[in-house]
2 protein chains.
Amino acid sequence: MARKNATIYDIAKLAKTSTATVSRVLSNSGYPVKEELRQRVLEAAKKLNYTPNLLGRQLKTKETRDIAVIIPNISNPFYPSIVLGVEDAAREKGYNVLLCDSYRNPQLEIAYLNSMAKKQVRGIIISSISQNQRFLKELVSRGFNIVAFDQNVTFPCNRISFDYVKGGFLATEHLIKLGHKKIAFISAPLTRASRKGVFEGYLKALKHYKLDVNKELILINDKEQEINNEIYEYENGIELVKRFLKIKDMPTAIFAVNDMTAIGVIQGLKSFGVKVPDDVSVVGFDNIFISEMIEPPLTTIEQPKYEMGKLAATLLIDRLQNEGDKKYIEINMSPTLIIRKSTKPL
Amino acid sequence: MARKNATIYDIAKLAKTSTATVSRVLSNSGYPVKEELRQRVLEAAKKLNYTPNLLGRQLKTKETRDIAVIIPNISNPFYPSIVLGVEDAAREKGYNVLLCDSYRNPQLEIAYLNSMAKKQVRGIIISSISQNQRFLKELVSRGFNIVAFDQNVTFPCNRISFDYVKGGFLATEHLIKLGHKKIAFISAPLTRASRKGVFEGYLKALKHYKLDVNKELILINDKEQEINNEIYEYENGIELVKRFLKIKDMPTAIFAVNDMTAIGVIQGLKSFGVKVPDDVSVVGFDNIFISEMIEPPLTTIEQPKYEMGKLAATLLIDRLQNEGDKKYIEINMSPTLIIRKSTKPL
DNA sequence: GTGAAAGCGCTAACAC
DNA sequence: GTGTTAGCGCTTTCAC
């Protein structure tokens, strides 16, 4: 990127020594070099404004210091914290991170995976889409260092998982303990592991507390999410509220599959003059930071996003030490209930 | 990352040809190779499950396909769209992007800059902090390919700029045209070019429409933002509302320096029973996506974030063609007023 | 302690 | 059209 970079060869010449020695001092190899010579090298490097070219080193050592993170879309408010966690952990270990937005597009995702392989990244953290399971699996079996999260992978693999079912259970249980008996579930289509898990938790809680599962209260849109529309979940919430309001003997609570949906739900409710939480309690899922900035602040399930990102990167980089190791590690993260103002006793 | 990757040498052996030929067909050099041989090479490559090692090529050609984007914090809702724009443009041109969060920390920012240089990235898109102007300037003068945005740089440099003053003017003008005469300005300290510009626009509009500049209405916190607290602006909005409410003969409108602050302002106002927009009109700045999801949806100034990111990357990569070119390019983006429900005629 | 030299995987003269 | 070969910038044996 700069003009004509100085190389260790230039430094060697200037310091009247060999490239071997220069390399030894400049790469902090710990290899013994006489202090006086070392100083000469350092000075020469400074004089020449030397910037090491990592490409040379990496080609030789076959070890880059890059990892990639592949996510659906960084402008979905769920992902920035994760990516930040990844980056922080990576930086601590001297790694850089390549950002890849897949837009949930199978071809794009595969293209990125291939591209990252060519770049010799040391590993990949990925929230993949289910269609690519076979491809991913093959990569893993070929020895690629991969950590999956935010999805269900059907094959052995390092992963950071999250207990969606328990989260769904906690949310529903909270409403039940508040005295609610008719609790609606509002969601986009259950096309993802996360949504399925949350729904399962909802059912489980109802069963556990011996409440009827009423099909009428399960409002799941069958229209699939448009690609690249971060606002879809929100609009979906608004839309399904209309169906909700048509239910005779209106439920007193709503559990939305995620915060974006819940925010839409609250907005929709308000627009029809229905008060939250006075008329209807609402709980969300994810605890994206917006949820405490809306009115009323949203009761929701915390998913430790930053920590998950950090753990994913830490796990990934730690695995590098024992490359051949066939044992895969799974770290399971737990949900917590965050009670704010959108729910209240019946 | 995989075990023992096949190299062009292996392919040459298998296809009974030379590495030169293999390279020619595999790198799509356009160099003529007989069809039959080409097929043999392709087959061999496939059979060996060949993945090119970009490090080799890049070391040879001295051209990586990487760019870096350095921003304060990806979890600040202002940046994801920008980064997405950068990535999309980069991908279209065959580039990958390295993400660097500087946390507005001068040392970290410089460390990243250095680190990226070592990695031989082709260029850097940066929202820098003012303390590092000298360092940045030197990089630029050393021939580094840099595009700055979201800041005021005091030296010649490629940049994507945004007319904050005009934005501030538009927002204030909107309020004035609605009949408001007492318009408060609420902001975090004017330590950044953007905030300064917005404030200047506010003053300019008042002057232009011959309204008094009343110091009492200018509510600027002097507490500096805590590092790494994306919620600070929001809380700042809430806090300053208290001062706002103490103003005798309360103003009928508030212009907040950005959306996060505005959302805090609205929240604060509500908590004191003040209605928006019935009692007080509020306008924000930035048009982050949350602003249309709050109640009432926020009137604000649109900053074309995605486009700015995309343009920055396009500009950066285009500049690569004429490396030596000393002419720097500045692209100025214009604000637009987005009228929603948080403002109304007096 | 130090240096000569090989070589990581690739491209690009250059020769044929 | 094809092959030989030098070399990108670096690390690392190996010999001294």
Side-chain angles (χ1 to χ4, degrees), chain A residues 1-42 44-45 48-66 115 117-122, chain B residues 1-42 44-45 48-66 115 117-122:
Chain A
M1 181 161 150
R3 287 42 131 55
K4 33 164 185 237
N5 278 324
T7 71
I8 54 168
Y9 177 78
D10 301 318
I11 297 179
K13 224 167 39 179
L14 185 60
K16 298 202 191 312
T17 176
S18 70
T19 59
T21 300
V22 173
S23 169
R24 280 168 192 142
V25 357
L26 259 26
S27 64
N28 302 311
S29 64
Y31 200 95
V33 172
K34 239 199 222 130
E35 195 47 31
E36 191 253 353
L37 219 200
R38 148 173 271 109
Q39 288 309 327
R40 256 186 13 238
V41 169
L42 257 19
L48 293 175
N49 218 315
Y50 174 70
T51 305
N53 181 337
L54 255 26
L55 259 32
R57 165 181 337 202
Q58 289 169 350
L59 182 57
K60 177 68 185 175
T61 61
K62 303 170 139 242
E63 290 194 358
T64 67
R65 245 56 167 57
D66 291 326
S115 164
K118 290 184 199 166
K119 293 179 68 61
Q120 314 297 115
V121 301
R122 294 302 300 283
Chain B
M1 178 162 153
R3 289 31 134 61
K4 31 164 185 239
N5 279 323
T7 71
I8 53 169
Y9 179 76
D10 301 319
I11 297 179
K13 225 167 37 179
L14 184 61
K16 298 200 192 313
T17 178
S18 70
T19 58
T21 299
V22 173
S23 170
R24 280 168 193 143
V25 356
L26 260 24
S27 64
N28 302 309
S29 64
Y31 201 95
V33 173
K34 240 202 221 128
E35 195 47 31
E36 192 253 355
L37 218 199
R38 148 172 271 109
Q39 288 309 326
R40 267 201 346 253
V41 169
L42 257 18
L48 293 175
N49 219 316
Y50 174 70
T51 304
N53 182 337
L54 254 27
L55 259 33
R57 162 175 350 196
Q58 289 169 352
L59 182 56
K60 176 67 185 177
T61 62
K62 306 174 131 229
E63 290 195 359
T64 67
R65 244 57 168 54
D66 291 326
S115 164
K118 290 184 199 167
K119 294 179 67 58
Q120 315 296 116
V121 300
R122 294 301 300 282

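Every chain is numbered from 1 and lettered A, B, ... according to where its sequence line falls, protein lines coming before strand lines.
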>> What contact category does A:Thr17 fall into here, base, sugar-phosphate, or nothing, at under 4.0 angstrom with non-hydrogen atoms?
In response: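 A:Thr17: backbone/sugar contact only, no base atoms under 4.0 Å.
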> What does A:Leu37 touch in the nucleic acid at a heavy-atom separation under 4.0 angstrom: a base, only the sugar-phosphate, or nothing?
Replying inline: sugar-phosphate
For [X] and [N], give me the distance from atom [atom1] to atom [atom2], rounded to whole Å.
X       : N     : atom1 : atom2 : result
B:Glu36 : D:dT2 : CD    : C1'   : 13 Å
B:Leu55 : D:dG9 : CG    : P     : 14 Å
B:Leu59 : D:dG7 : CG    : P     : 14 Å

[Y] side chain reached by [X] side chain, heavy atoms, under 4.5 Å:
X        : Y        : answer
A:Leu59  : B:Gln58  : no
B:Glu35  : B:Arg38  : yes
B:Gln120 : A:Asn53  : yes
B:Glu63  : B:Arg122 : yes

> In residues 6-16 of chain A, which ones come under 4.0 Å of DNA chain C, going by heavy atoms?
Replying inline: none
>> Any residue in residues 20-27 of chain A with a heavy atom nearer than 4.0 angstrom to DNA chain C? Just list them by number, or reply none.
In response: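 Only A:Ala20, A:Thr21, A:Arg24 qualify.
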>> My understanding is that only residues two or more places apart in sequence, or in another chain, count here; which of them pass side-chain hydrogen bond (donor to acceptor under 3.5 Å, both in side chains) with A:Lys60?
In response: none
> Over its full length, what angle do the end axes of the helix from C:dG1-D:dC16 to C:dC16-D:dG1 make, each axis taken from five pairs and the result rounded to 10 degrees?
Replying inline: 40°
>> Below 4.0 Å from chain A heavy atoms, what is the first contacting nucleotide of DNA chain C and what is the last?
In response: C:dG1 to C:dG9
> Is any side-chain N or O of A:Arg57 closer than 4.0 Å to OP1 or OP2 of D:dT11?
Replying inline: yes
> Sequence neighbours excluded, which residues qualify as side-chain contact (heavy atoms from CB on, under 4.5 Å) partners of A:Ile11?
Replying inline: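 Result, side-chain contact (heavy atoms from CB on, under 4.5 Å) vs A:Ile11: A:Val22, A:Leu26, A:Val41, A:Ala44, A:Ala45, A:Leu48, A:Tyr50.
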> Taking A:Thr51 for the side chain and B:Lys118 for the main chain, is one N or O donor matched with an acceptor at less than 3.5 Å?
Replying inline: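 No, A:Thr51 side chain to B:Lys118 backbone: no donor-acceptor pair under 3.5 Å.
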>> Among B:Ile8, B:Thr7, B:Asp10, exactly one meets side-chain contact (heavy atoms from CB on, under 4.5 Å) together with B:Thr19. Which residue is that?
In response: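 The residue from B:Ile8, B:Thr7, B:Asp10 that satisfies side-chain contact (heavy atoms from CB on, under 4.5 Å) with B:Thr19 turns out to be B:Ile8.
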